[in-house]
Amino acid sequence: MNKQLRATVAISAVLALASCANSLEGTPRPDAFVPSVDNPDPSRAIDGVVTVDYPAAQHVRPNERVAYTHSPPFGGRHDSVWANCTGVVYPQAIRTENAVHSLEHGAVWITYNPDLVSSEDKARLAQRVEGMSYTLMSPYPTLDSPISLQSWGRQLKLDNAADARIDQFVSALRVNPNTYPEVGATCSVPVTSFDPNNPPPFDPTAPDPSSPTTVPER
């Protein structure tokens with residue numbers, strides 16, 4: 001083998017090794033925001049994420065409201081029926097108690113203030129949800145920022161849909177078994193229990209603390 005041929009072979013071998021280093025059986029290597037054994041919660045590296053520990057499996061009845069601490073909520077008591085989170089983009093605001101149960105199943109809930117988000121940004125957000133199981137999206141009229149992302153026990157509020165942290169949050173927390181309680185739970189729900197075309201409505205008013213149908217977050 002002459003020197004030129006040996007050099008060509010050596011270069012080809014280096015390129016092949018580089019390709020293998022960036023893939024495993026044809027699958028690209030996980031980026032820094034995909035959970036791994038060494039990095040079970042990549043959201044800890046995302047600037048602005050609020051984290052709260054919540055107890056799981058605390059249910060309320062359909063006529064009850066939870067006095068949530070955060071808006072939108074991202075943990076705590078919730079309805080026994082979850083909102084369909086099979087990549088549904090809801091055109092209307094949905095009942096928070098149902099959406100929180102979806103988070104307990106490992107979903108990421110993308111919310112936006114319809115008065116603060118442009119139609120272009122709304123479309124960008126919808127592209128991240130449509131057809132992606134364990135995600136859902138809905139307007140949240142009382143939101144104090146243009147966009148807010150929720151997973152179980154974690155929240156990130158943002159100003160625009162071009163923010164790279166949106167994809168980081170979804171990669172880090174969507175069905176991350178290290179961060180939500182009901183691992184293996186489905187996002188599908190019978191239409192007789194929760195109809196995505198006619199979901200329980202959002203109530204923009206604050207729960208009445210004196211009402212017998214208002215329950216604490218924990």
Side-chain angles (χ1 to χ4, degrees), residues 43 46 48-85 88-118 121-122 125-126 129 135-161 163 165-166 169 173 179-182 187 189 193-218:
S43 73
I46 303 174
V49 172
V50 175
T51 303
V52 178
D53 289 328
Y54 288 107
Q58 296 185 329
H59 295 157
V60 299
R61 293 187 291 272
N63 67 320
E64 292 180 319
R65 297 187 67 196
V66 179
Y68 289 113
T69 302
H70 298 272
S71 182
F74 52 97
R77 296 182 192 271
H78 49 269
D79 198 275
S80 59
V81 176
W82 55 97
N84 187 306
C85 46
V88 179
V89 176
Y90 293 93
Q92 71 276 71
I94 63 175
R95 183 167 172 257
T96 54
E97 287 82 0
N98 298 100
V100 171
H101 195 156
S102 301
L103 307 183
E104 191 180 43
H105 286 200
V108 168
W109 178 27
I110 298 180
T111 56
Y112 63 95
N113 186 323
D115 295 328
L116 300 178
V117 168
S118 67
D121 270 3
K122 180 180 172 183
L125 294 173
V129 172
T135 63
L136 67 162
M137 172 177 158
S138 67
Y140 199 92
T142 59
L143 184 57
D144 61 1
S145 66
I147 299 166
S148 185
L149 312 181
Q150 289 71 225
S151 70
W152 183 263
R154 287 151 184 81
Q155 183 176 67
L156 176 63
K157 293 188 175 182
L158 302 166
D159 291 330
N160 65 79
D163 197 309
R165 290 174 292 174
I166 295 175
F169 189 96
L173 296 167
T179 60
Y180 71 98
E182 296 190 1
C187 255
V189 58
S193 298
F194 187 96
D195 184 354
N197 295 313
N198 186 29
F202 173 76
D203 189 338
T205 64
D208 180 0
S210 65
S211 171
T213 59
T214 297
V215 297
E217 182 179 66
R218 296 172 182 264

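Index from 1, following the sequence.
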For R65, the salt bridge (Lys or Arg N to Asp or Glu O under 4.0 Å) test, sequence neighbours excluded, returns D203
Those residues at least two apart in sequence (or on a different chain) that pass salt bridge (Lys or Arg N to Asp or Glu O under 4.0 Å) with E64 are R61
* Is a side-chain donor or acceptor of N84 paired with a backbone partner of F194 at a separation under 3.5 angstrom? -> no
Which of V117, D159, D163 passes side-chain contact (heavy atoms from CB on, under 4.5 Å) with I147? Answer is V117
Output for pair (Y68 OH, T96 OG1), nearest 0.5 Å, gives 5.0 Å
The residue among V108, V89, I94 that forms side-chain contact (heavy atoms from CB on, under 4.5 Å) with L136 is I94
Handout entry: CA sep, side-chain torsions, deciding dist, call: T135, I110, side chain to side chain contact (heavy atoms under 4.5 Å, CB included)
Key = CA-CA 8 Å; T135 63; I110 298 180; over 6 Å; no
Rounded to the nearest 0.5 Å, the CG atom of D121 sits from the CD1 atom of I166 at a distance of 8.0 Å
Working note: F74 + Y54, criterion ring-ring contact (aromatic ring centres under 6.0 Å, His included); need CA distance, chi angles, decisive distance, verdict. CA-CA 9 Å; F74 52 97; Y54 288 107; 5.8 Å; yes
The side chain to side chain contact (heavy atoms under 4.5 Å, CB included) partners of A206 (sequence neighbours excluded) come to none
T111 meets the side-chain hydrogen bond (donor to acceptor under 3.5 Å, both in side chains) criterion, sequence neighbours left out, with Q150
Residues passing the salt bridge (Lys or Arg N to Asp or Glu O under 4.0 Å) test with D195, sequence neighbours excluded, are none
Those residues at least two apart in sequence (or on a different chain) that pass side-chain hydrogen bond (donor to acceptor under 3.5 Å, both in side chains) with S71 are Y140
**Prompt:** So, does T214 use its side chain to make a donor-acceptor pair with the main chain of D208 at under 3.5 Å?
**Reply:** yes
Interatomic distance, CG@L173 vs CD1@I46, rounded to 0.5 Å, equals 6.0 Å
Exercise for review: Give the ring-plane orientation class for H78 versus H59, where under 30° counts as parallel, over 60° as perpendicular and anything between as tilted.
Suggested key: perpendicular
In the structure I gave you, are the side-chain heavy atoms of P204 and P141 within less than 4.5 Å of one another anywhere?
no
d(C187 SG, H101 NE2) to nearest 0.5 Å is 10.0 Å
Hits for side-chain hydrogen bond (donor to acceptor under 3.5 Å, both in side chains) against W152, two or more places apart or cross-chain, chain-then-number order -> none
Verdict with reasoning, Y112 to K122, per side chain to side chain contact (heavy atoms under 4.5 Å, CB included):
CA-CA 8 Å; Y112 63 95; K122 180 180 172 183; 3.1 Å; yes
So the salt bridge (charged side-chain N to carboxylate O under 4.0 Å, His left out) pairs with at least one residue in residues 209-218 (sequence neighbours excluded) are none
Sequence neighbours excluded, the answer for salt bridge (Lys or Arg N to Asp or Glu O under 4.0 Å) partners of D144 is K157
Stepwise side chain to side chain contact (heavy atoms under 4.5 Å, CB included) test for Q58 and V215: CA-CA 11 Å; Q58 296 185 329; V215 297; over 6 Å; no
Here the salt bridge (charged side-chain N to carboxylate O under 4.0 Å, His left out) pairs for residues 91-103, sequence neighbours left out, are D79-R95, R95-E97
Sequence neighbours excluded, the answer for side-chain hydrogen bond (donor to acceptor under 3.5 Å, both in side chains) partners of S211 is T213
dist D115:CG -> L143:CG (nearest 0.5 Å) comes out at 10.5 Å
Smallest heavy-atom separation, V100 atom then P73 atom, equals CG2-CG, 3.6 Å
OG of S145 to CG of L156, rounded to nearest 0.5 Å, is 9.0 Å
Is there a side-chain contact between S102 and W109 (heavy atoms, below 4.5 Å)?
no
N/O donor-acceptor pair under 3.5 Å between E104 side chain and A57 backbone
yes
Residues passing the ring-ring contact (aromatic ring centres under 6.0 Å, His included) test with Y180, sequence neighbours excluded, are none
